[in-house]
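Here the structure is laid out as structure tokens; the discussion comes afterwards.
This is a predicted model, so every value here is computed, not measured. In what follows, chains carry the letters A, B, and so on, assigned in the order in which the sequence lines appear, proteins first and then strands, with residues in each chain numbered from 1.
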Amino acid sequence: MRSLQPVRGTRDILPDEMRRHRAVINCARNLAERYGYREMATPIFESTEVFQRTLGDTSDIVTKEMYTFPVREEGDSVTLRPEGTAGVARAYISNSLQQQVPIKYFYSGPMFRHERPQKGRQRQFHQVGVELLGVAQPLGDVEIIALGDHILRALGLGDAIKLELNTLGDPESRSAYRTALVEYFSAYEDKLSEDSRGRLHRNPLRILDSKDENDRRIVENAPAFGDYLNDQSRDFFAEVCAGLDALGLEYALNSRLVRGLDYYTHTCFEFTTTRLGAQGTVLAGGRYDGLMETMGGPATPGIGWAAGIERLSMLLEGQAIEGPRPIAVVPAARAQEAAALHLTHDLRHKGFAVELGYSGNLGKRMKRANKVNARAALILGESELAQGSVTLRDLDTGEQELVALDALGERLAAFR
RNA sequence: GUGGGCGUAGCUCAGUUGGUUAGAGCGCGUGGUUGUGGUCCACGAGGUCGUGGGUUCAAGUCCCAUCGCCCACCCCA
């Protein structure tokens, strides 16, 4: 029986949910395209090194969350992608795309992380994402963030979400700050929570965001990132902020906003909501100027974000997303079934969504028409067909009329 | 990986201090209507009470184990 359950952390997406899912994807794809981001796709699994090298050996994803499998060729190992950027970066290098910079890509698809499932978190989940490669200017950051904001607003989530912004500086600033943090926190090592003691050498920036009450007291007097940013990093961030201001995009600076993946530099941001419990991040990303070199490719700046389709889809619950309303073709009796089949086929080829029941008398078929939310029913009876006509019934108003078959396409235009 | 909560019909749930054939609403099916849906009425199908063991004359109810789901931590979309 256990095998008849989906594997833990995975689930089926049935049509009602799939409709919301698709609304999210379509909205993101259409707007991304408007901003010049072209859709592409990478494989859902890659050589394990692709993720190991890019995400950082200490990141949670690499140390405990990857679905990794050995493959036949000795020593080879592949991993189901836990996120999208590494694959895009690999594709950039594999295809020698440095010639075509700046590159603007949109993608969507499943991602896999072996985590304990909870609200808004599955082991297979889906993301839409964009990447902008080869643009070192803050204008790129501004555009990327503006696109994310545009999509969330277009989905009707404008007042459900807020934007948080931070800078991680360039590698020089970041490592100077990191050193200062380690030095500061080391003095309190035995007072820190167990979690934070672990973070001290793995990712000290994380301690800043600890939820432990005692940690927070220690954090209060910790060195501030602002004091360790070099001029270049400070100027860069100021320009990003100025760009967002110019567009009227509201944001909250959050110096504790840290990314888990090693490849981020400079700008990082999250759009969050309070409506999803503990998993409030709905769209997040940042700049990753060092990533390409880390992977052994040509130095190329990059910035991008990814959004969780399930999380966005959950926020859309309650918003009715209507599917197309079909026209139901209803033969009155067996004798009219052949004519009904023929008419159905003809109307489908003319571009109408048409439902033809597979069995049942007229009453059954009308019930069925109602159930599939049909806009209208075309009733084919002996008397109608004798006149080369059908009965057209408007299922919202209940009004019906006789329509000649050769005028049907035109008459039906209103019901499309 | 750690902590907590919950498993009764397709769904949401009720089920008294353990006590006869385990219930409701919604949904589904059939009929009322052999050429007319939605509303209404009647009838009906559907449950190894998550699973296994134990206590007891008797277990949906108590005990143990196990599996699953949910929520939170960690971390993230």
Pick the [atom1] atom in [N] and in [M], then give their distance to the nearest Å.
N      : M      : atom1 : value
B:rU61 : B:rU21 : P     : 16 Å
B:rU8  : B:rG46 : C1'   : 14 Å
B:rG54 : B:rU17 : P     : 27 Å
B:rA77 : B:rU30 : C1'   : 48 Å
B:rA9  : B:rG15 : P     : 15 Å
B:rG44 : B:rC49 : P     : 24 Å

Identify whether any heavy atom of [X] sits under 4.0 Å from a base atom; if not, whether one sits that close to sugar-phosphate; answer base, sugar-phosphate or nothing.
X        : answer
A:Ala306 : sugar-phosphate
A:Gly398 : base
A:Glu83  : nothing
A:Asp396 : base
A:Arg368 : nothing
A:Gln124 : nothing
A:Glu382 : base
A:Glu115 : base

Passing option when A:Arg287 is tested against A:Asp141, A:Thr167, A:Thr265 for side chain to side chain donor-acceptor pair (under 3.5 Å): A:Asp141
Looking at [N], does its base get a donor-acceptor pair with the side chain of [X] below 3.5 Å?
X        : N      : result
A:Asn370 : B:rG38 : no
A:Arg121 : B:rC75 : yes
A:Gln336 : B:rG35 : no
A:Arg365 : B:rU36 : no

Where the side chain of [X] is defined as all heavy atoms beyond and including C-beta, which of [options] is the nearest nucleotide?
X        : options                : result
A:Lys371 : B:rU36, B:rA77, B:rG29 : B:rG29
A:Phe125 : B:rA77, B:rG31, B:rC73 : B:rA77
A:Pro117 : B:rC73, B:rA77, B:rC70 : B:rC70
A:Lys364 : B:rG35, B:rA72, B:rU30 : B:rU30

In whole angstrom, what separates [X]'s [atom1] from [N]'s [atom2]?
X        : N      : atom1 : atom2 : result
A:Arg375 : B:rG37 : CZ    : P     : 18 Å
A:Ile379 : B:rG35 : CD1   : C1'   : 8 Å
A:Arg275 : B:rA77 : CZ    : C1'   : 18 Å
A:Tyr107 : B:rA77 : OH    : C1'   : 10 Å
A:Arg334 : B:rU34 : CZ    : C1'   : 15 Å
A:Leu152 : B:rA77 : CG    : C1'   : 12 Å
A:Lys119 : B:rC74 : NZ    : C1'   : 19 Å
A:Arg8   : B:rG68 : CZ    : C1'   : 8 Å

Ring centers of A:Tyr37, A:Phe106 separated by less than 6.0 Å: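 Not under 6.0 Å, so no.
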Ring center gap for A:His150 and A:Tyr35 short of 6.0 angstrom: yes
Between A:Thr68 and A:Thr79: side-chain donor-acceptor atoms closer than 3.5 Å: yes
Earlier contact from the 5' end, RNA chain B, for A:Ala284 and A:Leu276: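 Taking each residue's closest nucleotide, the earlier one in sequence belongs to A:Leu276.
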5' precedence on RNA chain B between A:Leu283 and A:Arg393 (nearest-nucleotide basis):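 Residue closer to the 5' terminus by nearest nucleotide: A:Arg393.
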Aromatic plane relationship, A:Tyr67 with A:Phe69 - under 30° parallel, 30 to 60° tilted, over 60° perpendicular: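 Taking A:Tyr67 first and then A:Phe69, their aromatic rings lie parallel (interplane angle under 30°).
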Whether A:His21 and A:His126 hold their rings parallel, tilted or perpendicular, with breakpoints at 30° and 60°: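 Ring orientation, 0 to 90° scale: perpendicular.
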Any A:Leu291 side-chain heavy atom under 4.5 Å of A:Met295 side chain: yes
